[in-house]
Amino acid sequence: MNDTTRDLRIRPGGPADAPAILDMLDAAVAWMNARGNTEQWGTTPYSQKPGGVARVERYTTENAPYIAELAGTVVGALVLDSGPSPQMPIAPAGEPERYVRLLVSDRRHAGLGVGAALLAHAVEETRRAGVQLLRVDCWAGGGGELVAFYERNGFTSTEPFRSGTWPGQVLAQRVG
């Protein structure tokens, strides 16, 4: 843990955090596009995608959002749910689970462990709920860097999937 992540505060999120989450998502799309990655989230800013703003608003009202802050500035967000998105071709686990629906960090704080700290918080929240399984799905293209990130953070790849032409990977972590 570095000094920055030691100063990181993770708090429950709410509707007032939706604009900051949208800003991080828009910046992530621009960052990915600048690196030549147009497949993961496309080229349209998240806040301009059909349903994008409403989805983030639902995340902050219907799910369990958590916000990472450094010195009062939002630097990351995590959204937990009780299962995968019904829009994704992913079967429920068949047992109680927590599911990472969203993980995003401010690109200006990349490399400081914000995402890893939020995932560690997800593990704690899953345990606190008495649930033993935490899952996530992610984009599996681009050489698998995102899959490797989740594996470095304690997840194991379980099943690959496709949503249209988009290659995805489900990962799981036993926390009990």
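Contact detail for Arg101 and Pro86: the closest heavy-atom pair is NH2-CD, 3.7 Å. The two residues Pro15 and Pro19 have their closest heavy-atom pair at O-CD, 4.1 Å. Nearest approach of Trp139 to Asn37, heavy atoms of both residues: CZ3-ND2, 3.2 Å. For the residue pair Gly14 and Pro65, the shortest heavy atom distance occurs at N-CG, 4.1 Å. In terms of heavy atoms, Val147 sits closest to Ser157 at CG1-OG, 3.5 Å. Listed here is the closest heavy atom pair of Trp166 and Met88: CZ3-CE, 3.9 Å.
With rounding to the nearest 0.5 Å, the separation of CZ in Arg135 from OG1 in Thr126 is 12.0 Å. In this structure, CD on Gln87 lies 7.0 Å from CZ on Arg55, to the nearest 0.5 angstrom. Distance CG/Asp137 to CG/Leu171: 8.5 Å, rounded to 0.5 Å. Distance CG/Leu118 to CG/Leu103: 6.0 Å, rounded to 0.5 Å. The distance from the CD atom of Gln173 to the CD atom of Glu151 is 11.5 Å, given to the nearest 0.5 Å. With rounding to the nearest 0.5 Å, the separation of CG in Asp81 from CG in Asn63 is 4.0 Å.
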- Query: Passes side chain to side chain contact (heavy atoms under 4.5 Å, CB included), Leu133 versus Val175? Steps please.
  - Reply: CA-CA 6 Å; Leu133 180 63; Val175 301; over 6 Å; no
- Query: For Glu125 and Arg128, what are the C-alpha separation, side-chain angles and deciding distance, and is it a salt bridge (Lys or Arg N to Asp or Glu O under 4.0 Å)?
  - Reply: CA-CA 5 Å; Glu125 290 298 324; Arg128 192 179 343 256; 3.0 Å; yes
- Query: Leu102 and Leu25: side chain to side chain contact (heavy atoms under 4.5 Å, CB included), yes or no, with the steps?
  - Reply: CA-CA 10 Å; Leu102 175 71; Leu25 288 167; 3.8 Å; yes
- Check the pair Val114, Asp106 against side chain to side chain contact (heavy atoms under 4.5 Å, CB included), reporting the backbone distance first and the verdict last. CA-CA 9 Å; Val114 173; Asp106 186 323; over 6 Å; no
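For residues 61-80, every residue pair satisfying the salt bridge (Lys or Arg N to Asp or Glu O under 4.0 Å) rule, not counting sequence neighbours, is listed here: Arg9-Glu69, Arg11-Glu69.
Cluster membership check: Leu146 shares its hydrophobic cluster with Leu119, using side-chain heavy-atom separations under 4.5 Å among Ile, Leu, Val, Met, Phe, Trp and Tyr. Under the 4.5 Å side-chain heavy-atom criterion for ILVMFWY residues, no single connected hydrophobic cluster contains both Val136 and Val131. Follow the hydrophobic side-chain contacts under 4.5 Å out from Tyr59 and you reach Val29 in the same cluster.
Other residues, nucleotides and ligands place more than 12 heavy atoms under 6.0 Å from the CZ atom of Arg162.
The closest donor-acceptor contact from the side chain of Arg98 to the backbone of Ala122 lies at 3.5 Å or more, if one exists at all. Remark: the backbone N or O of Gln169 is not paired with any side-chain donor or acceptor of Glu159 at under 3.5 angstrom.
For the side-chain contact (heavy atoms from CB on, under 4.5 Å) with Ile67, the lone residue among Leu78, Ile10, Ile21, Val75 that qualifies is Ile21.
Contact annotation: the side chain of Tyr46 never approaches that of Val104 to less than 4.5 Å [non-hydrogen atoms, C-beta and beyond]. Looking at Leu134 and Leu80, their side chains come closer than 4.5 Å, going by heavy atoms from C-beta outward. Side-chain contact between Met32 and Thr38 is absent, with no heavy atoms from C-beta onward closer than 4.5 Å. With contacts defined as side-chain heavy-atom distances shorter than 4.5 Å, the pair Glu97/Pro84 qualifies.
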For residues 47-54, which side-chain N or O atoms pair as donor and acceptor with protein atoms under 3.5 Å away, sequence neighbours left out?
| unit_1 | atom_1 | unit_2 | atom_2 | d |
| --- | --- | --- | --- | --- |
| Ser47 | OG | Asp26 | OD1 | 3.4 |
| Ser47 | OG | Asp26 | OD2 | 2.6 |
| Lys49 | NZ | Trp41 | O | 2.3 |

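Under the side chain to side chain contact (heavy atoms under 4.5 Å, CB included) criterion, Thr158 pairs with Val170, Ala172, not counting sequence neighbours.
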